[in-house]
Structure formats: C-alpha cells, structure tokens
Amino acid sequence: MKLPTGLFRGRRPAGSVPSAGTDERAGFRIRVDPLTRARIKRFTQIKRGYWSFIAITSLLVLSLVAELFVNSRALVVSYEGKLYFPTYARVFLGEEFGLDYKYETDYRALKETLKANGKGWVILPIVPWNAYEQDFIEGEYPPNPPSMERRHFLGTDIIGRDVLARLLYGFRTAILFALLYVGATFLVGTVIGALMGYWGGPFDMVFQRLIEIWERIPFLYVVMILGAIFKPNFMLFVGIFVIFGWSGRTWAVRAMTYRERERDYILAARAMGASTLRIIGVHIVPNVLVVILTSLPFAVSGAISSLTALDYLGFGLRAPTPSWGELLSMGIAQYEAAPWILASIVTAMTFVLVTIAFVGEGLRDAFDPRKHTVYR
Amino acid sequence: MKVSRTAKATLIALVALFLLAPIAAQTYYTSKAVAADEKALAAEKRPDFSSPAFVDKSVKVAGLPETLTWYTSKPPVMGSKRAKSGGVWSGYMAEYPTTFRTVGPNSNHAYRSLFLTNVGTININSETKEWIPGEATHWAFGADGKTVYYKLNPKVKWSDGKPVTSRDYLFMLEFMRSPHIQAPWYNNYYTETITDIKAYGDYVIAVTANVAMDRDDLLYNTSVGPRPAHFYGGTVPADFVEAYQWKAEPVTGPYKLLDYVKGETLTFQKVKGWWGHDYDYNKYRYNAEFLEYQVITGGNEIVKKYFYDGQIDQFFQIIPTEWAAGESAEAIKKGWIDRQYHFYVPLTGVSGIIMNTAFPLFADKNVRLGMYYAVNIQKMIDTELRGEYARYHNIGLAHVFGGIKFNAEELRKPDFDPKKAGEYFDKAGYSLFDSDGIRKNAAGARLSFELIYSSPNHTARLSILREEAKKAGLDMQLKLQQTGIFTSILEKNFQAWWGAMSTGLYGSYWQYFHSENAKPQTNNFWSYANPEMDKLLDAFEAEPSLAKKAELQQKIERMVHEEALVVPNYYVPFTRLASWKWVRYPSWLGQQFDDTWSDPISGGYFWIDEAIRKEVLAAKKSGKAYKPLLIKDETFKAK
C-alpha cells in the first residue's frame, strides 16, 4: 500500500530502521525526511524568497538587540576607573557619574563632560537616541530634517523624536506582535479545525455555527471598548487579536481534515487502534501543514498591517509607544513640512511587507505539490 | 577734479541703489482697489470703544414712579469706516443643523446661533464689559432689588417687518413656560429664575427675578429676549416641535434665513433697512449682503482644501503647526490670501491636569505640590506650541464683570525644577528609585499615575510632559480615551485628567470644590473636601454683592493654588485666521474680550469687497503676487 506523505511523515520510510533516539510513540516526530529536505532545498533555490527570508530574519534579530545600535544609553562608560554597561542594566542616575541631577544620565552630555574633565570615556551606540526622548534644537522647531551631525539619520518627528529609533522599535513591536498572533491563532485554529473535521457531526456543527456568529462581531468596536476599559498594552492587543482571529484559521484545516480522514492510511491507523490525538497529531496535521505553512507569511504581513491600521486610527498601543501607525499618520499630516517621516515609514513598510510576501511566495513554490508529490 | 576712491564708490552705490530701488519695490504686484484700501488700512487707528452708562433724566414713563432712574449708554462707532456693504460671504458647517428651531429637542446644535441672530435686550461691550443698549434703549432698577424696567426701542422690527412690542416679551414668557416646547431647562429657568414680566404700554416692560441680586447680576439674568407672537399666532402650538422643525423664526438681528437645501446649504440675507444700524455701534457692521454656508464634512484637512480652492472665505489657523504651515502655502505667499492675528483675553475656566484626590497618590498634598515642579508646561509651550500659547497660572481668567475683577491675578505657578519636585516627593515618602529611574516608596509603590485625555492631537504635547516628568522620577502614563471620557470623569473613575471646563462671567467654584459634591456624578472632579474651602464657597454663594463675591473668589483661587489641585496648562490668547483678500477687516480686528470678531453674525466687522475679488481672481489667474499681508493686533497681548 502506498501511503501519503507529509512534512513530518507518519510512516517509516521503507527499509529504514528506527534510530535509537526516536520514540515511535511520541505525538510528533521531528525528523526531516527526504521530501522536506527537497522542499527546503527548493526554497533556497528560489533566490527572491530565500534572500527575503534571510533579510527579514536578520532584521528581526537586529531589532531584538536594537538597544545596542539605537539607544540613548551608552554601551560602555568608564568613570573613575570603573566600567559600566548601562544598555541592559538599571537606570544610572546622573549623580552616580558626578553630575548634579537625580534622573537618568544623559550619556551624550556625559561623553562631552568626561572628555573635558578626563575622568573617563563613553562609547555611544551608532544612533545615540532612544524612541522617546525629544531633541529640541534652539531656535528651531521639530520636525527636523535628517542630520548626520546630530545623528538623526532619518530626521525627527513632530516633537523631535528620532524617526529611525521609532521606526526600528516600532518594527520590533509590530513583528513580535505578528509572530505571537500568528503563532497563537494557527495553534488554536489548527487544533479546533482538525477536531471539527475529524470528529464531524454535532461537534463540527456547533463550532461552525459558533464561528459564524463569532466572526460577525465588529472587531473594531470591540478593540475600542476593551481599550477604554483596560490599559491598551501589548499583551492585551495580542489577546484581543487572537480571540477574534483564530476562527478564520479553522476552515481550511477543517476541510483538509475532512478529506484526509477518509483516506486509507487513516483507516489503517484507526484499525490499528491509534488514539484520536495520535491520528490528528501524527497523521493528519503533518499532511495539512502545507496549507498552514504557505499561508503563514501572508498572515504575518496581514497582522502587521492590522496593527498599523489600528494605531493609525488612534486605537492602538498607548502613546508614546513607538508604532508604525502613528508614524504613518504623522507622516501623512506633515508630508509637506517633513517629507522624511512619510518617506521613511512608507519605505520601511513597503520593504517589510514585500519581503514577507516574497518569503510566502517562495514557500508556496517550494511546497507546490506538483513539484514534489508521491501521487503521480 | 580729483575724486577720492571712497567717494566714487559711494556715488556708484547710490546710483545703483537709486536704479534698483524701484525695481525691488515693483517685485510685488498690486491692483487699484487693493492699493486704495491698504492705504486706508495703514491710516486707520483703533478707536476708543468705551461706553460708560449714564443716567438719562429726560425719560419719563406714564404709570411708573417718577423716582425710577433710567440708565443708558452711548457706545461709539465700532465698525470700520472703510467698510463697504454688499457682496457674498462663503462659510461652512461641519454638519447640517438637526432643526431650525432654537428650543426643544435637538435644538442645541453647533449652528443654533444662526437661527437666533437676535440683538439682545441689552448687551455687554466686548472691550469694557459695560452694558450697552439693544432692543431696549434704557434700563432702570426697581426698589425691591429683583426687578428691572426696560424701555424698548420702538424702531425694533422683526425680520418679517412686524414691529417688536412688549407683547412679544409677554409671549416669550408664555412660550418658554409651555410644555409644548419640550425644553425642561427653559421651562424651569423662566419659572424659577424669571418669575414675572409685566408690560407698561407697548414699549416698557418690567422683568422680575426670584431673588435680590447685585445690579449687574440682575441685568445679566433679566435681559431676556422677545419671541415673535404673530409668527405663532399668539399661542404656543401643541405640535410646536414637529410643526416648526424646519421653520426659521423671524429675528431682530441683521440676517434672516433666505434659502436652504436640506443637508447641504443655508443662505442668509441681510434684512432690508435693518433697524439696528440706528445705533452707532452697529454702523459699518454686518456688511455682507448674503451669507452662504455649505456642509463640509471630513474634518479640518478637508476644510483646508476647500479654503485654498477659494470655495470658502475664511480658515482658522489657531494651532501653531497650522499657522506655521500657512507660511508655505502658495496663495498666502503670493498675497491672494491675507492673515489676521488678534490677541485678546479669553474667558477661561479650569484647565490643565486635574488631580483626583480620591486616588491615593494625589491624596498626599506633597505629591500634588511636587507636580507643580515636575510638569514642564513651559517646555511644552516653547516647543510643540512654538511659544505661542500663554502659560496659565490660575483656574479662572477674564472674570471681569460689572467693572470688578474676580481673579487672583497675582498667582504664579513655579517653573519646572526636578530637584524641587524631588524634595516634595521625598517628603511624601517617594525617595527610593526603581530600576527604571522612577521613584518609589518604602512599600514599593511607584510614583506613577495615569493621565487620561480625549484629543489625539494632544498626544505629542503630553509626550513632552511625560519625558520631562521622568527627570523628577515621576511616571506619567498617557491614556487616550476618545469616547466616553466625561463619563469616567463624572464617576471619578480616573487618576488625573488633562481637561478643561468652560466658565461663566465669573467663577462658579461651588460645584467644583464643595465637599457636598465629593461624590460621583458631580463636577467635583477632585473628590475634594475641606471644611475651610466649604466655608468660603458657602459664603460666596450667599453673597449678593459682586465686590464681596470677587474678594471671596480670589480667596478660593488662592486656596486652590496652595492646595495644588490643578496644574494649569495654557490658554490661547489669540484668534487668528487666513482670509481671501476680498474679506476686509478693520485694522484693530477685534476687542479685548472678543474672539468672534471674524464671524459674520456675532461680530460682523468684516466686509466683502467685490472689486478686490475681481482683481485678486485675475491676479491669481495670471500668477501675479501681491505683498503678503498680515494684520496683527497686539493691544491685549499678555505681558
């Protein structure tokens, strides 16, 4: 009997012997089979998708350690022979470095002071501004155009905050949000969708109706209402999005499961006494995973756009959290006076969204069943 | 002849200057009507607007005691002699009126005043806050301290040509008391506060209030307006609300509704031979023949497009960034659009950060005092507001009435000083620092609060305060709540509120600070209770004399200052706008307490010059640039 295959195959390849480390009874088996290897290889050959993947991943990693590149806190301070690393440490008050104030040290000023009195030195990040502080230049009003001298490489926004800093930290918020959201909705959506498809009957019926009703709830109003009741912070937003986002993910999985469960190999598994969990986990999910995986990048870019749209409308994260939506609305309002704001945010958004779309396109091609399939 | 080198150079320079000067001067285009009016504008001087009341002994009214002293005043010409009558003014409405009625359900919309352009029985001079005649020429006070006699101007006519008589005042009372108008507030006011109106012949009425008051208060409360009895057939129709939904009542003012397209436009026309021009102060005012209002939805950005497109005549540029953006607008640079900038003293109530003392952090007076030093209002004004708004130090401004100043004008809030703020926060026990530099107390409670605000365009301003407050170890969380903010406020379900309240002619602080109101659903937003304050407030409420009331109000304001209940923010000490060149203004623009001078009905000081319109449109077509014109009046700029 010829069995279907999936990303993580539920079948031992003919003639192979289980390796010592593999537990056959585990829910999932993480073992890259030749077909998956072939798909990955195919993906790396699709240059556009592959390089986009590299680009977006590096950007993500870069944003996670953004504090090392774009931050008002110094990387290293040497003061009176002692070394300080303020980046990820607690706040050092000015008086700890012999300054006369009790708030966070202004490291840019400290650099000048220490240079003058010779008590030490300071190494600042490339962009010595964080996403919140305002740079007001005497006699001028923000927004200020890009300036190499003041290290505002993309200029400042309407209250003098560094656009690059807000862009980068805003990206971090957006991409983390998208990944969390997509991860959670796909997990919940896949499990429920698979159960609906596998069990069918009343369970399927009840959930179908429930989802139909659920999806009719006006999402924007719920966000507005919950935002008024609770502090609109990051996790609340992820929560709201997940609560209203999972249902959309169930349909495709449900339909695929319906199809798969009628196949012989499932019948065989059932005949051999496999549990529901095992059948779904080991046999069905791996075979429907392609659908999920290929739609994943598009869901990520969708989530970024949604969060940006909400922020743009003013229902997003609490000010002054750096956000793309806020930059976008500011950029549009100021496009004549400060074209660098709109230019920066539009370029960044286009780059990120297009890159993710390329990754998605690459994945779709790589997983195209017409390219690698056992059904011929 | 030997000419020194310097002399030669000087000579050449002079010749060059002589030749170049006319060329430089000619870089701007001008046209006949514009040049003529601008010359007159440059020569125009701000007149004296004062109008002290005086006793007019010549007035005798049959049936009234001869001992009555009749007062009147003779305000001078307030308009500009340059004014030309005629022309069409174009404006806009953000939404269409929900009804043309001025009382009853849905009548309290933003454009109500367009349908109620009545002159007023007597009015207040916007420069000096003195009383000036309106529909009545004289007023006199009864011996009971509750009654005012008004001698009506026999020339007053409704916009449909019928004369206004005492009968219209009697009808007004009947109208306002009628259940058919479905307006409980008016029903109540004209029963409880205005207890009676009597007529003495066609042109004298007596209006009686419920309690004895100071004279100015009495005039303020009893100067009620007439209603056209003939228009309603002498009785209040039972179906008033439905039947008069889209019928505009005749008015005594300069403009009446001529035409309308429901949902789209309103057109008003100047009343022919309007009686009001009989008064000097109305001369050269209400000059435009037609006022056209069109509905423009979609907010300020859309309105701006209509304005620069020439479809509406005026556009406000109050917000500093908006004003700055105007500098670079082509039509302004080329002088087709002029700008007007007038400083005045705005009537201002409580405005700033209102701290709820029911929130434990703000229960501590030291924290509230620390807030004075930790909130950098001045930096916000100097940066985001471009130094244009004025710093506010009190909870009331321009409370001037009956010649009496009610505000404790000497009050000043300190400048931003994180060290001084730290001292107060230390006193309150917040002397430790959290890892992010925010202060905390020994119990670990952070010096942190949530500031709610309702306008998205304040986010930038507040972000400045937030960053500055960190320097004092204070964590100010910003929460934008665009809808339902006032519900949270009334429920006292907030920690601090970035807000403002409007105010009357003088302060009404009982509602704000009396302990009786330290409960939900009242205006005591501070949840503040203090027996000493209560004493002052009770005394203020019971006091009939304005002079003594003013003293008490100042004491209350000082106490609020010492108790640090509000961190006042700023007030806007000016009105400024851009207008197409054919909208012409007096050189002084407006008066001391007046911010409606640019409005065609409330102010009516501008005029439309159709000759200039033709010239400007021609210049625009051919791309010729006038010298940009900014009329700025700084007479009342705060020092």
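Fair warning: this is a prediction, and the values are worked out from it, not measured in the lab. Throughout, a chain's letter reflects where its sequence line sits, starting with A, and its residues are numbered from 1.
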Pick one of side chain, backbone, both or neither for B:Ala325, based on which atoms fall under 4.5 Å of a heavy atom in chain A. neither

Shortest non-hydrogen contact from A:Lys102 toward B:Phe433: O-CE2, 3.6 Å

Please look at B:Asp382 and chain A and tell me whether the side chain, the backbone, both or neither of the residue comes under 4.5 angstrom of a heavy atom of that chain. backbone

If one checks every heavy atom of B:Lys471 against chain A at 4.5 Å, the contacting part turns out to be both

Is there a donor-acceptor pair under 3.5 Å between the side chain of A:Glu104 and the backbone N or O of B:Lys470? no

With a 4.5 angstrom heavy-atom cut-off, could you sort out which part of A:Leu317 is near chain B: side chain, backbone, both or neither? neither

Contact check, side chains of B:Pro418 and A:Tyr103, non-hydrogen atoms, under 4.5 Å: yes

Per-residue contact mode, A:Tyr132 against chain B (heavy atom under 4.5 angstrom): both

Which residues in residues 302-312 of chain A have a heavy atom less than 4.5 Å from any heavy atom of chain B? none

Residues 141-163 of chain A: residues contacting chain B (heavy atom under 4.5 Å, by number): A:Tyr141, A:Pro142, A:Ile158, A:Ile159, A:Arg161

So for A:Phe92, is it side chain, backbone, both, or neither that comes closer than 4.5 Å to the heavy atoms of chain B? neither

Relative to chain A, which of B:Ile452, B:Ile438, B:Ile464, B:Thr321 shows the most heavy atom pairs under 4.5 Å? B:Ile464

Does the pair A:Glu140/B:Arg386 count as a salt bridge with the N-to-O cut at 4.0 Å? no

Contact check, side chains of A:Phe315 and B:Leu480, non-hydrogen atoms, under 4.5 Å: no

